[in-house]
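The structure appears right after this line, and notes come after that.
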Number of protein chains: 2
Amino acid sequence: MIDPAIPRLYAYHRALREAQAAGKSTITSEGLAALVGSISSTQIRKDLSALGAQGRRGRGYAINPLVEQLAWVLGLEHDWRIAIVGFGYLGHAFATFITAREARFRIAAIFDRSPAVIGQRWEGIPVRDVADLEAAVREADCNIGVIAVPAAAAQSSAQRLAAAGVRAILNFAPTALRLREPVAVRNIDLAGEMSILTSWLTAAESSREARA
Amino acid sequence: MIDPAIPRLYAYHRALREAQAAGKSTITSEGLAALVGSISSTQIRKDLSALGAQGRRGRGYAINPLVEQLAWVLGLEHDWRIAIVGFGYLGHAFATFITAREARFRIAAIFDRSPAVIGQRWEGIPVRDVADLEAAVREADCNIGVIAVPAAAAQSSAQRLAAAGVRAILNFAPTALRLREPVAVRNIDLAGEMSILTSWLTAAESSREARA
DNA sequence: AAATGTGAAGAGGTTCACAGCG
DNA sequence: CGCTGTGAACCTCTTCACATTT
């Protein structure tokens with residue numbers, strides 16, 4: 001399955017769960033598009049057909065098998081063990097948020113550099129020294145790493161996670177990680193997103209001025 | 001300036017600040033590409049030229065004016081007033097993070113629905129009832145809204161922010177916001193990002209199995 | 001008649017190749 | 001000669017149009 005489709009598949013899954021909860025058992029691409037809100041029915045058909053889904057012409061798609069199929073592709077069935085590197089506000093909030101939101105995500109190890117934080121516990125999990133990262137990540141059998149450290153420390157954190165066998169990283173630091181290992185990386189740059197918004201606002205403002 | 005370039009411009013700005021701090025006064029597109037890490041020098045030249053930057057052939061770009069120009073385009077010079085809707089872990093962490101990270105962002109109003117949270121203070125700012133949103137957002141003159149509420153409440157929060165004159169929204173809820181007003185929206189879907197990672201992991205796993 | 005599945009056209013953005021300038 | 005600036009080729013994903021199936 002192609003990269004940019006994945007977020008859409010995830011959106012379909014969410015929408016289909018809603019439809020399921022509402023007691024529906026079948027849905028058309030058009031109906032799903034309306035539910036999702038920002039994706040065309042054509043796009044949905046292309047995605048589902050690429051996925052090998054079985055739609056019935058004249059009827060639509062059976063929801064239950066579709067949900068299962070999407071769940072499988074998206075890895076929603078497995079449980080995943082997460083290592084958090086950097087336990088400041090961001091790391092802490094992420095841990096709380098993701099475990100509350102989806103039971104399939106478990107925080108399995110937490111690391112920080114600051115002696116003030118090391119040794120504290122969160123939900124019973126001790127915050128360890130990043131110096132012990134490789135061993136502890138291996139021991140805790142983490143699949144996914146979350147980097148919530150300052151930009152300067154992000155690259156080395158990523159390398160150590162990769163060295164410990166982690167093959168997927170969610171990176172909150174505003175840095176392009178470069179890794180030799182084949183690691184899936186998703187970047188979330190909060191300050192960057194805010195800047196995109198402010199650039200739109202200033203652009204809108206100056207075009208208003210230009211018109212005046 | 002075209003949409004998808006903005007995150008890149010932001011990356012350039014960050015890299016140029018580093019170069020500036022390192023005492024450099026001029027840089028080539030090639031050099032900047034190396035610093036940024038994941039963008040080609042051609043792309044950089046295209047972006048900077050579209051921006052109207054003055055490079056000197058044979059020399060490169062003067063850093064100082066370039067940084068100023070980028071700062072202007074990205075709206076880094078103004079201060080911005082933020083309204084946070086939903087003051088759970090996520091809203092709380094975002095407030096702490098963004099104010100610590102960039103002084104130009106000020107939290108100007110905070111809202112929640114829960115009586116347990118309403119009336120609390122954060123850095124002197126009272127958490128108000130969402131019922132008062134429109135009036136309070138206007139009064140506090142907020143430019144940017146941050147939605148950190150459950151998915152079901154996101155759409156109405158967005159509508160009320162838009163009605164109060166907010167023209168830029170950072171949305172943490174996994175919902176496509178639909179607004180009549182011309183509002184810039186950036187979505188950050190943490191659980192979605194995690195699912196993208198898990199889908200890659202399961203795909204990698206099944207291709208390994210297929211090979212075996 | 002209704003809705004899927006899909007080849008072809010289109011759009012948007014990136015890379016190439018090189019002309020142009022300092 | 002070095003590096004910018006840019007038209008053209010390219011590529012990737014999305015939309016269109018319609019043949020196809022129930």
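Below, read A as the first sequence line, B as the second, and so on, with proteins coming before strands; counting in each chain starts at 1.
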Open item on the list: Ignoring hydrogens and geometry beyond distance, is the side chain of A:Lys46 in donor-acceptor contact with the base of C:dT6 at under 3.5 Å?
Closed with: no
Taking side-chain hydrogen bond (donor to acceptor under 3.5 Å, both in side chains) as the definition, give me every residue that meets it alongside [X], ordered by chain and number, with sequence neighbours left out.
X: B:Asp189; result: A:Arg14
X: B:Arg101; result: none
X: A:Asn143; result: none
X: B:Gln43; result: B:Asp47

TODO: Specify the closest pair of heavy atoms between B:Arg138 and B:Ala164, including all atoms of both residues, with the distance to one decimal.
DONE: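 Nearest heavy atoms, B:Arg138 then B:Ala164: CG-O, 3.7 Å.
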Check nucleotides 1-3 of chain C against the protein and report each pair of N or O atoms closer than 3.5 Å, with its distance, or say if there are none.
from: C:dA3; atom 1: O4'; to: A:Gly58; atom 2: N; distance (Å): 3.2

From [atom1] of [X] over to [atom2] of [N], roughly how many Å is that when rounded to an integer?
X: A:Glu30; N: D:dC16; atom1: CD; atom2: P; result: 12 Å
X: B:Leu48; N: D:dC3; atom1: CG; atom2: P; result: 16 Å
X: B:Leu32; N: D:dC3; atom1: CG; atom2: P; result: 14 Å
X: B:Leu51; N: D:dT4; atom1: CG; atom2: P; result: 15 Å
X: A:Ile44; N: D:dC16; atom1: CD1; atom2: P; result: 14 Å
X: A:Leu66; N: C:dG5; atom1: CG; atom2: P; result: 10 Å

Open item on the list: With a 4.0 Å cutoff (strictly under), does any side-chain N or O of A:Ser40 reach OP1 or OP2 of D:dT15?
Closed with: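 Yes, A:Ser40 has a side-chain N/O under 4.0 Å of OP1/OP2 on D:dT15.
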Task: Under the ring-ring contact (aromatic ring centres under 6.0 Å, His included) test, residues paired with A:Phe172 that sit two or more places apart - done: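 ring-ring contact (aromatic ring centres under 6.0 Å, His included) list for A:Phe172, sorted by chain: A:Phe94.
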Task: Selected nucleotide, minimal atom distance to A:Gln43 side chain, candidates D:dG5, D:dT15, C:dT15 - done: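 Side chain of A:Gln43 sits closest to D:dT15.
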